[in-house]
Amino acid sequence: METSLSGRSSQPGSRPGYRLRNIAVWFAALPLLAFLVVPIVAMLLRLEWGDLWQTLGTSVVAQAIGLSLVTSLAATILALVFGAPLAYLLARRHFRGRTIIDTLIDLPMVLPPSVAGIALLMAFGRRGLIGAPLAEYGIMLSFTQVAVILAQCFVAAPYFVKAATAGFASIDRELEQAAALDGASARQVFGLITVPLAWPALFSGAVMTWARALGEFGATIIFAGNLPGRTQTMPLAIYLGFERDLNLALTLAVILLAISFAVLALVKGLLRQRVGVS
Amino acid sequence: MKHAALAVIAVVLALVLAACGAPQASQSTSPPPPTSPPAAPTEVPTTGPTVAATATTLSGPLIVFAAASLTDAFEAIATAFEQAYPGTEIIFNFAGSQQLAAQINEGAPADVFASANRSQMEVAIEGGRVISGTQQTFVRNRLVVITPSDNPAGITTLQDLTNPGLRLILADQAVPVGQYSLAFLARASALPAYTENYSATVLANVVSFEDNVRSVLTKVALGEGDAGIVYSTDAALEADNILQIAIPDELNTIASYPIAPIADRANPALAQAFIDFVLAPEGQQILVKYGFISPEGT
């Protein structure tokens, strides 16, 4: 990436033909860019901005926003806590079946979320593989906020694991060995060398996980159901709002858009500062 | 260039409008009898020459636009009909009634319209493609309370829906059946047999408002919910995995399904034969088998 960038910058911009090629590249890039941006603009244009604050104040909207933020954050923390060891294992240990495990982790990213929802119900539902024994003790997961978090974690955690695996794998192991030689404990090596070096990958992986969790819909509506104030996250409120009140759906959609955009932009800015990669 | 293109568009539009207008004009001069007797299906209701040429034969394709909830029952009826009238072929378009009515008014090539409620049939009548009075109620649908077959919460009466800790699943109020469910609870609350707080207490037990009725059915049949409210036709599909508790008529919302021929079509005799078949005992038996109730008794 960086080498190609520096190679490009050595080219004089005034070289004949460069400007033409520049225009050609812009023309080739524009259709997809426009395709991705136009629907969002269309949505913004359609929203009745005058009603925005009023709609924001309704309890359904406020509840959905709060619930979405809390659950997606919880799902991200779960993914971090349990995903980091898994990523470390995949990056540092070479064992039989490693590729199979790697592929299994890919599955939730490839499967339609509705499949994820059905699978979660089969596992953690009241009659499910794990849910049935839990129900014996009076613990029921489906239709609860825990179910929302589990659904989000199931579809989103693989994004963190993939990014963190790549991050751990990219570290120069001699640095860790040098620290160990200088008397650092294994824990110190991990905390002071490995994690800081893998930080950009861990951070961007966590953000991708959070973004995916925030947008989760299919697995949630199947496994956690739809109850305003308890399991109705923003994507669910948007979907049902579309059938009942378009402006409500548009308002929520624009808020979701604004939150996502702000967080992603902030994160990209932070990453650029930390790593110095443009 | 621009003017030429505009002129072409204008001509095309004029032709289309003329084509649309023509059959309607012939309808208004000689509408078919409101209830054509089943004994005389070959009676030609319109006088147009193209109609007369093909209307005398009970063969060929017939396009039926039917509400999605009729899917299983109508497919069974079509099989029986095609056996009874060899050489015919029923082609279905199943969708939400509101979509079907809109398509019909847009000029979709439908021969028969079977709607899940009266209001969408009215839409087709206002659109001029169904003649008022030709529609007949052929079946009714009603709400039932369902529980998983092992009835984990031990629900036997409608009053049991207020039991604390019950996991009740309803359809969202964006869905008609969700509105009917709320209407049932509201009506019950007004009766002394239930309490004033009946609706509020039951609604406090709701763990999910599903986005369609089939997902209420599936989650209750799976045992995730202790109870749910669905159409009796949905309940019939999962008869092995659920128990039903009837909702009395005075509390229930009974949905009436009207059926009618589309007025401007080439083979009205075949359309009428199909409608008669649906209304005849054989068609009614199939519909009852799929959980519908016959229109008699209203």
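In the text below, chain A, chain B and the rest are named by the order of the sequence lines, each starting its count at 1.
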**Q** Would you name the heavy atoms of Ser142(A) and Arg167(B) that are closest together and state the gap between them?
**A** OG-NH2, 2.9 Å
**Q** Counting only heavy atoms from other residues, nucleotides and ligands, does the tally under 6.0 Å from CD of Gln179(B) exceed 12?
**A** yes
**Q** Once rounded to the nearest 0.5 Å, what's the spacing between atom CD of Gln232(A) and atom CG of Asp172(B)?
**A** 7.5 Å
**Q** Given heavy-atom pairs under 4.5 angstrom as the criterion, report whether the side chain, backbone, both or neither of Arg127(A) touches chain B.
**A** both
**Q** Tell me, out of Thr231(A), Ile222(A), Leu236(A), who's got the most heavy-atom pairs with chain B below 4.5 Å.
**A** Ile222(A)
**Q** Checking heavy atoms, do the side chain of Asp150(B), its backbone, both or neither come under 4.5 Å from chain A?
**A** side chain
**Q** Just how far is it from atom CG of Leu240(A) to atom CG of Asp211(B), taken to the nearest 0.5 Å?
**A** 6.0 Å
**Q** How long is the gap from CD on Glu224(B) to CZ on Phe223(A), to the nearest 0.5 Å?
**A** 7.5 Å
**Q** Hey, what do you get for CE (Met122(A)) to CG (Leu222(B)), rounding to the nearest 0.5 Å?
**A** 4.5 Å
**Q** Locate the shortest heavy-atom distance separating Asp226(B) from Arg126(A); write the atom from each residue and the value.
**A** OD1-NH2, 2.6 Å
**Q** Look at atom CG of Leu30(A) and say whether more than 12 heavy atoms of other residues, nucleotides or ligands are closer to it than 6.0 Å.
**A** yes
**Q** Distance-only, no hydrogens or angles: does the Ser208(B) side chain make a donor-acceptor pair with backbone N or O of Asn226(A) under 3.5 Å?
**A** yes
